[in-house]
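Both counts, for ligands and for their atoms, begin at 1 and track the order of listing. In this chain, numbering begins with 1 at the start of the sequence shown.
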Amino acid sequence: MSRTDHRHPNVSGLRPRSKLVHGGTRRSSFDETCEALYQTSGFVYGSAEEAEHAFANDGARQVYGRFRNPTTAMFEDRLAEYEGAEWAYATSSGMAAVHGALMSGLKAGDRVVAPRALFISCYWILKDLCPRYGIEPVFVDGTNLSEWEEALSVPTKAVFLETPSNPGLEIVDLRAVCDLAHKAGAFVVVDNAFATPVLQRPFDFGADVIIHSATKLIDGQGRGLGGIILAKDKKYAAEVIHPFLRNTGPTIAPFSAWLLLKGLETLELRVHAQSAAAFQVAQFLEAHPKVERVLYPLLTSHPQHDLARRQMTGGGNMLSIFLKGGKSEAFNTLNGLRMVMISNNLGDSKSLATHPDTTTHAKLTPEEKAAAKILPNLLRLSVGLEDTQDIIEDLDRALAEA
Ligand SMILES: *Cc1c(COP(=O)(O)O)cnc(C)c1O
């Protein structure tokens, strides 16, 4: 880092964790230590000529909050630097990012292929929204490469996937699916919310666009909603994604962008700690007499744990617990928890447990639930930042009483 450039530190020589602390910083003339929150919707000009010049050189300076904001730009640039993206745009929620990344590149007559195991709102965009605009969604078993091969044997415009999936923790082979997608002419959008950029780097396996629900581990403290779209190729983003976002306005608020920007500084430390704790909790639960089965990417019992080890550097903070019994055992266990909170949110510093069958995935049909393995005895656990032993003891007591 150059001493002379303290207002705009050059982080190119730094290691990834340092980039999360300093990347994208633009200091004002007040030389503040902490990144400034520019809570403004517009910008002023010293003269009419200056305004004319700003509009003639599109993007060269800030002109309006829907297009750019200095605080938001710091968040975008910092994560782009870390993730290896040429372009990024922060959105008001993770779903706004999914919608923008997909719909910007699709039109009537196009075909989009995705796994059935998707976050419920992502599934809605594909299954319900796409057909309204003449876009055909095709669903596959994301873990079955021959289904991907068949679905991608005809020209396709887009592939959308999430790995590990929520809450089934299914792993999609990123390299193989990206190769098949590109041969079919499709761009690939990866929802990287569960793994986070710390544990999985989809661009290295061929993804074209990455989206995150920054609401989850990027904030990490349950304080605000946000999302981000990252593109590997600036040209594609400039031609396809940016005009769509700029004109439809799913923009993040500067305050939320500031929270997420500060969240990035501790992202690696938190994700490594939560992922290590989740692995310990998973091992404990797998040996528990009241538990039928635990799904966690790094457990050798996970059907795709070899693949998980090839494309992830850690298992993440999420686990799926299938209890012996059904809904009442699941409810009794949730109701017996003292420290772990009952919540449908995830990725918080507080450990959170949910019953997907009756909450997040309640609207699925019985067939869709069966395909996504949303069973009455399933609990989803988001491991937080508490002492791992306290998490284990809380679960152990709740299971014993259930
Ligand atoms: C939460 C989540 C989303 C949606 O993000 P919001 O910030 O709630 O809009 C999308 N994908 C996955 C995998 C998620 O967990």
Rounded distance [0.5 Å steps], CG in Asp173 versus SG in Cys178: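 The CG atom of Asp173 sits 9.0 Å away from the SG atom of Cys178.
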
Can you find an N or O of [X] that's nearer than 3.5 Å to an N or O of ligand 1?
X	value
Leu225	no
Glu162	no
Phe119	no

Cation-pi, Phe244 ring and Lys107 (6.0 angstrom, 45 degrees):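 No; the conditions do not both hold, so Lys107 does not lie above the ring face of Phe244.
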
Taking every non-hydrogen atom, the tightest pair across Ala238 and Pro243: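 Taking Ala238 first and Pro243 second, the nearest heavy atoms are O-CD, 3.2 Å.
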
Of all the non-hydrogen atoms in the protein, which one sits nearest to [atom], and at what distance?
atom	value
atom 9 (O) of ligand 1	Met95 N, 2.8 Å
atom 1 (C) of ligand 1	Lys216 NZ, 1.4 Å
atom 7 (O) of ligand 1	Thr215 OG1, 2.6 Å

Ring geometry between His288 and Phe284 (parallel below 30°, tilted from 30 to 60°, perpendicular above 60°):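 Geometry flag for His288 against Phe284: perpendicular rings.
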
Whether Trp87 and His242 hold their rings parallel, tilted or perpendicular, with breakpoints at 30° and 60°: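 Perpendicular.
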
Ligand-residue contact atoms, ligand 1 with [X], heavy atoms, under 4.0 Å:
X	answer
Gly94	5 (O), 6 (P), 7 (O), 9 (O)
Ser93	7 (O), 9 (O)
Asn166	15 (O)
Phe194	15 (O)

4.0 Å heavy-atom contact, Asp191 with ligand 1: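 Heavy atoms of Asp191 do come under 4.0 Å of ligand 1.
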
Side chains of Ser18 and Val11 in contact at under 4.5 Å (non-hydrogen atoms):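 Not in contact.
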
Residue pair Leu217 / Gln274, side-chain heavy-atom distance below 4.5 Å: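 Counting from C-beta outward, Leu217 and Gln274 do come under 4.5 Å.
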
Candidate with minimal heavy-atom separation from atom 5 (O) of ligand 1, of Ser165, Ser213, Gly224, Gly227: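 Looking at heavy atoms only, the winner is Ser213.
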
Test item: Thr266 side-chain N/O and Leu269 main-chain N/O as donor-acceptor pair under 3.5 Å: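 Side chain of Thr266 to backbone of Leu269: no pair is present.
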
